[in-house]
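Single-structure report; data block below.
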Amino acid sequence: MSSSTTKSRLRQRQYQRIKTRRKRARRRAALFFCALIMLCLTVIGIKSGLEMSRSIKYPVEYSGYITKYARENDLDPYLVISVIKQESNFVPDARSPYAGGLMQLTEETAHEYAAKMGLENYDYMEPETNIQIGCYVLRCLIDKYEIVDTALAAYNAGMGNVDKWLADPEYSSDGETLDHIPFPETRHYVSKINNYMIEYKENVSLLSDGSMQ
């Protein structure tokens with residue numbers, strides 16, 4: 001066998017080895033690229049799932065109105081969010097036997113406080129108006145009782161009941177603080193709103209313009 005033939009075969013073998021290495025490198029690159037895509041899709045899926053789960057568990061609608069009227073009434077917007085979550089779960093046309101709207105106002109209460117606010121030709125079931133009046137009611141109750149939990153108890157059970165409880169040593173040791181709320185519904189109501197405030201602050205960020213992050 002001539003030396004030229006031997007060299008030719010060696011070059012062919014070398015070329016085949018190079019070609020094989022290139023194929024393997026391309027295959028590894030393709031596999032790596034596919035794995036990277038799958039990882040990205042998995043991360044995006046997990047993130048989307050978490051965002052969806054968070055939005056279901058901690059819904060916030062009408063954040064612009066909430067922020068606006070919370071500011072006007074010097075309220076923590078997370079307090080308003082938590083009240084709406086408990087009262088209607090952000091369903092604008094929610095109704096109970098006696099109340100309606102996002103903040104579950106009775107017609108009597110809505111008319112009473114709307115008159116104090118100077119509102120005319122309003123629909124208290126309309127989301128913005130319901131939030132506007134509801135925030136004003138909360139502000140008035142906090143001003144009256146000076147303690148948020150007591151104001152929340154009055155929002156749920158009425159001022160008449162809260163005044164009786166504060167005057168009863170069985171429920172209030174100082175006539176200003178409710179040591180015990182005798183109505184289980186109201187007691188749980190106050191507790192749930194406090195818990196919602198903690199959870200919302202941990203899971204939902206409100207920007208200065210009322211939008212969410």
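Positions are given from 1 along the sequence.
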Item to check | Listed partners of His188 passing side-chain contact (heavy atoms from CB on, under 4.5 Å), at least two apart | outcome: Pro184

Checklist entry - Of the non-hydrogen atoms in Pro77 and Leu206, which two are nearest, and what is the gap between them? => result CB-CD1, 3.9 Å

Checklist entry - Rounded to the nearest 0.5 Å, how far does CZ of Arg71 lie from SG of Cys135? => result 12.5 Å

Next on the checklist: The criterion is side-chain hydrogen bond (donor to acceptor under 3.5 Å, both in side chains); which residues satisfy it with Asp76, sequence neighbours excluded?
Outcome noted: Lys201

Checklist entry - If we only count heavy atoms from C-beta on, is the Tyr124 to Glu107 side-chain gap below 4.5 Å? => result yes

Item to check | Test item: Ser172 side-chain N/O and Ala167 main-chain N/O as donor-acceptor pair under 3.5 Å | outcome: no

Next on the checklist: Strictly distance-based, threshold 3.5 Å: is any side-chain N or O of Tyr78 a donor or acceptor partner for the main-chain N or O of Tyr196?
Outcome noted: no

Item to check | CD1-CD1 distance between Ile142 and Ile147, expressed to the nearest 0.5 angstrom | outcome: 11.0 Å

Checklist entry - Looking only at heavy atoms, which two atoms of His180 and Arg187 are closest? And how far apart? => result CE1-NH1, 3.5 Å

Next on the checklist: Just to verify, what does Tyr189 make a side-chain hydrogen bond (donor to acceptor under 3.5 Å, both in side chains) with, not counting sequence neighbours?
Outcome noted: Glu87

Checklist entry - Does the side chain of Asp123 come within less than 4.5 Å of Thr129's, by heavy atoms? => result no

Checklist outcome for this item: Separation between CD1 (Ile181) and CG (Leu152), nearest 0.5 Å, reads 8.5 Å

Checklist outcome for this item: Separation between OH (Tyr145) and CG (Leu166), nearest 0.5 Å, reads 6.5 Å

Next on the checklist: Against the six-membered ring of Tyr113, is Lys116 placed for a cation-pi contact (under 6.0 Å from the centre, within 45° of the normal)?
Outcome noted: yes

Next on the checklist: Just verifying a value: how many Å separate Asp163 CG and Trp165 CH2, rounded to the nearest 0.5 Å?
Outcome noted: 10.5 Å

Next on the checklist: Is the shortest side-chain heavy-atom distance between Tyr200 and Leu79 below 4.5 Å?
Outcome noted: no

Checklist entry - Who are the side-chain hydrogen bond (donor to acceptor under 3.5 Å, both in side chains) partners of Asp149, not counting sequence neighbours? => result Asn194

Checklist entry - Which residues pass the side-chain hydrogen bond (donor to acceptor under 3.5 Å, both in side chains) test with Tyr171, sequence neighbours left out? => result none

Checklist entry - Minimum heavy-atom separation for Asn89 to Pro59, with atom names? => result OD1-CG, 3.6 Å

Item to check | Main-chain N/O of Val83 paired to Gln86 side chain as donor or acceptor, under 3.5 Å | outcome: no

Next on the checklist: We want to know whether Tyr122 and Asn130 form a side-chain donor-acceptor pair, criterion being a heavy-atom distance below 3.5 angstrom.
Outcome noted: no

Item to check | side-chain contact (heavy atoms from CB on, under 4.5 Å) partners of Gln132, counting only residues at least two apart | outcome: Tyr69, Met117, Leu119

Next on the checklist: Strictly below 4.0 Å, N to O, side chains only: are Arg139 and Glu72 in salt-bridge contact?
Outcome noted: no

Checklist entry - Can you check whether Lys164's main-chain N or O pairs, donor with acceptor, with Asp168's side chain at less than 3.5 Å? => result no

Checklist entry - Are the side chains of Lys85 and Lys192 in touch, meaning some heavy atoms are under 4.5 Å apart? => result no

